[in-house]
Enquirer: 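Just passing along the structure, written as structure tokens.
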Amino acid sequence: MMSRRNVLAGAASAGGAMAAGVGTAAAQAPARLVPVVDGKTALSPDEALDLLIEGNRNFLNDVPTSAPVGRKRRLEIAQGQAPFAAYVTCSDSRVSPEILFGRGLGELFIIRNAGNTVDTVALGSIEYAVAELGVPLIVVMGHESCGAVKAAKAVVDDNATFPGSIGRMIEPIIPAVLEARGREGDMLDHAIRNNVSRVVHRLRTTTDPLLLDPQKTGKLKVVGAHYNLGTGAVDFFDR
């Protein structure tokens with residue numbers, strides 16, 4: 001037979017476990033739902049950016065998030081998508097926007113190329129996100145220790161060559177490296193940020209009216225960001 005002392009001890013243990021569970025649930029940050037109107041996000045550009053900043057803050061503080069990724073969410077978006085941002089970033093396996101910002105299925109329209117460059121396919125994808133899906137925000141994000149920018153720097157510094165299509169892939173990054181020469185500080189970091197800003201400037205000024213017109217009316221914003229691999233912080237340095 002179980003003694004009264006054992007019963008009380010078991011009850012106390014169960015109560016403690018329940019309390020711990022409640023505490024864990026309370027500490028969890030549910031991903032804020034994004035309002036959708038007529039099949040498109042209702043967020044403004046600044047609201048979309050604030051949502052990303054908040055998500056990265058949670059990521060930095062190791063706050064668990066309940067991003068919408070389950071069966072219910074899959075069924076919700078099976079008939080259509082309403083992302084709130086188009087995210088242009090590097091193919092690097094260490095850089096995953098959904099994780100960095102605690103977002104789920106159908107929320108970020110992601111375009112990934114080594115060195116976060118924008119070729120014809122990438123540009124068409126961005127234009128589709130804006131014109132057809134109604135995203136109010138485009139983010140171009142580079143990251144610490146980018147291999148593509150390192151390769152472009154090797155071309156500039158050492159006249160390096162690369163096999164296959166790698167050399168042609170990094171050609172658009174070379175001007176960003178050249179701009180960084182002679183500057184004080186970490187040349188690679190300067191080149192990575194220059195590379196981001198060059199793409200941002202292009203999307204702001206020299207693209208199709210599909211992107212230029214909504215920027216003029218304030219319905220679309222293009223920003224540049226930098227991700228630190230070690231800290232996990234995203235710096236939206238070019239707004």
Side-chain angles (χ1 to χ4, degrees), residues 23-32 34 43 45-69 83-105 107-118 122 135 137-154 157 170 173 176-177 179-201 203 221-239:
T24 300
Q28 190 176 51
R32 278 197 285 152
V34 178
L43 294 181
D46 287 335
E47 289 171 336
L49 182 57
D50 286 344
L51 206 57
L52 294 178
I53 293 172
E54 176 187 296
N56 185 240
R57 186 183 304 119
N58 288 335
F59 176 72
L60 289 176
N61 294 321
D62 292 325
V63 177
T65 57
S66 53
V69 295
F84 67 85
Y87 218 95
V88 183
T89 191
C90 186
S91 300
D92 194 296
S93 63
R94 299 166 292 180
V95 183
S96 178
E98 293 97 338
I99 295 175
L100 303 184
F101 301 107
R103 304 314 307 184
L105 294 172
E107 296 191 305
L108 300 178
F109 190 87
I110 299 174
I111 301 100
R112 302 187 70 166
N113 275 328
N116 44 273
T117 56
V118 172
V135 302
L137 178 68
I138 300 170
V139 179
V140 181
M141 187 175 78
H143 67 91
E144 180 188 18
S145 300
C146 178
V149 181
K150 284 182 179 179
K153 184 175 180 297
D157 292 345
I170 63 176
I173 304 174
V177 176
E179 288 175 7
R181 299 183 82 178
R183 291 181 59 184
E184 294 184 1
D186 188 326
M187 180 180 171
L188 178 62
D189 183 70
H190 290 322
I192 290 169
R193 291 174 183 266
N194 287 348
N195 185 45
V196 169
S197 291
R198 287 177 61 85
V199 176
V200 168
H201 180 73
L203 297 179
K221 178 175 285 188
V222 182
V223 302
H226 176 273
Y227 174 57
N228 187 297
L229 295 175
T231 67
V234 177
D235 175 21
F236 292 95
F237 71 94
D238 190 343
R239 303 193 195 184

Enquirer: Around Ile99, counting heavy atoms of other residues, nucleotides and ligands shown, do more than 12 lie under 6.0 Å from its CD1?
Expert: no

Enquirer: Roughly how far apart are Glu184 CD and His190 NE2, rounded to 0.5 Å?
Expert: 8.0 Å

Enquirer: Are Arg57 and Asp50 within salt-bridge range, i.e. N to O under 4.0 Å?
Expert: no

Enquirer: How close do Gly142 and Asn116 get, heavy atom to heavy atom, and via which atoms?
Expert: CA-OD1, 3.4 Å

Enquirer: Supply the atom-to-atom distance Arg103 CZ to Ile110 CD1, rounded to the nearest 0.5 angstrom.
Expert: 12.0 Å

Enquirer: To the closest 0.5 Å, what do you measure between OH (Tyr227) and SG (Cys90)?
Expert: 12.5 Å

Enquirer: Give the C-alpha distance, both sets of side-chain angles, the deciding distance and a yes or no for side chain to side chain contact (heavy atoms under 4.5 Å, CB included) between Lys150 and Ser145.
Expert: CA-CA 7 Å; Lys150 284 182 179 179; Ser145 300; 4.0 Å; yes

Enquirer: Where the side chain of Arg193 meets the backbone of Leu188, is there a donor-acceptor pair that is under 3.5 Å apart?
Expert: no

Enquirer: Decide if the gap between the ring center of Phe101 and the ring center of Tyr87 is smaller than 6.0 angstrom.
Expert: yes

Enquirer: Is the side chain of Asn61 donor-acceptor paired with the backbone N or O of Val63 at a distance under 3.5 Å, no angle test?
Expert: no

Enquirer: Which heavy atom in Ala191 sits nearest to a heavy atom in Ala176, and how many Å separate them?
Expert: O-CB, 3.7 Å

Enquirer: Determine whether Lys221 and Asp46 satisfy the following criterion, side chain to side chain contact (heavy atoms under 4.5 Å, CB included), listing intermediate values before the conclusion.
Expert: CA-CA 8 Å; Lys221 178 175 285 188; Asp46 287 335; 2.5 Å; yes

Enquirer: Do you know the tightest heavy-atom contact between Glu144 and Asn228?
Expert: OE1-OD1, 3.3 Å

Enquirer: Asp238 and Val223: side chain to side chain contact (heavy atoms under 4.5 Å, CB included), yes or no, with the steps?
Expert: CA-CA 6 Å; Asp238 190 343; Val223 302; over 6 Å; no

Enquirer: So, taking the atom named OG1 in Thr117 and the one named CZ in Arg112, what distance separates them when rounded to the nearest 0.5 Å?
Expert: 13.0 Å

Enquirer: CD/Glu98 to CG/Leu105 distance, rounded to the nearest 0.5 angstrom?
Expert: 8.5 Å

Enquirer: Return the minimal non-hydrogen interatomic distance between Phe59 and Leu100, and the atom names on each side.
Expert: CB-O, 3.4 Å

Enquirer: Search all heavy atoms of Thr65 against all heavy atoms of Gly102 and return the closest pair with its distance.
Expert: OG1-CA, 3.9 Å

Enquirer: Locate the shortest heavy-atom distance separating His143 from Ile192; write the atom from each residue and the value.
Expert: O-CD1, 3.3 Å

Enquirer: Can Asp189 and Arg183 be said to form a side chain to side chain contact (heavy atoms under 4.5 Å, CB included), step by step?
Expert: CA-CA 11 Å; Asp189 183 70; Arg183 291 181 59 184; over 6 Å; no

Enquirer: Closer than 3.5 angstrom, by distance alone: can the side chain of Thr89 be matched with the main-chain N or O of Met141 as a donor-acceptor pair?
Expert: yes

Enquirer: Going by heavy atoms in the side chains, are Phe84 and Leu51 under 4.5 Å from each other?
Expert: yes

Enquirer: So among Leu52, Val200, Val88, which one has a side chain to side chain contact (heavy atoms under 4.5 Å, CB included) with Val139?
Expert: Leu52

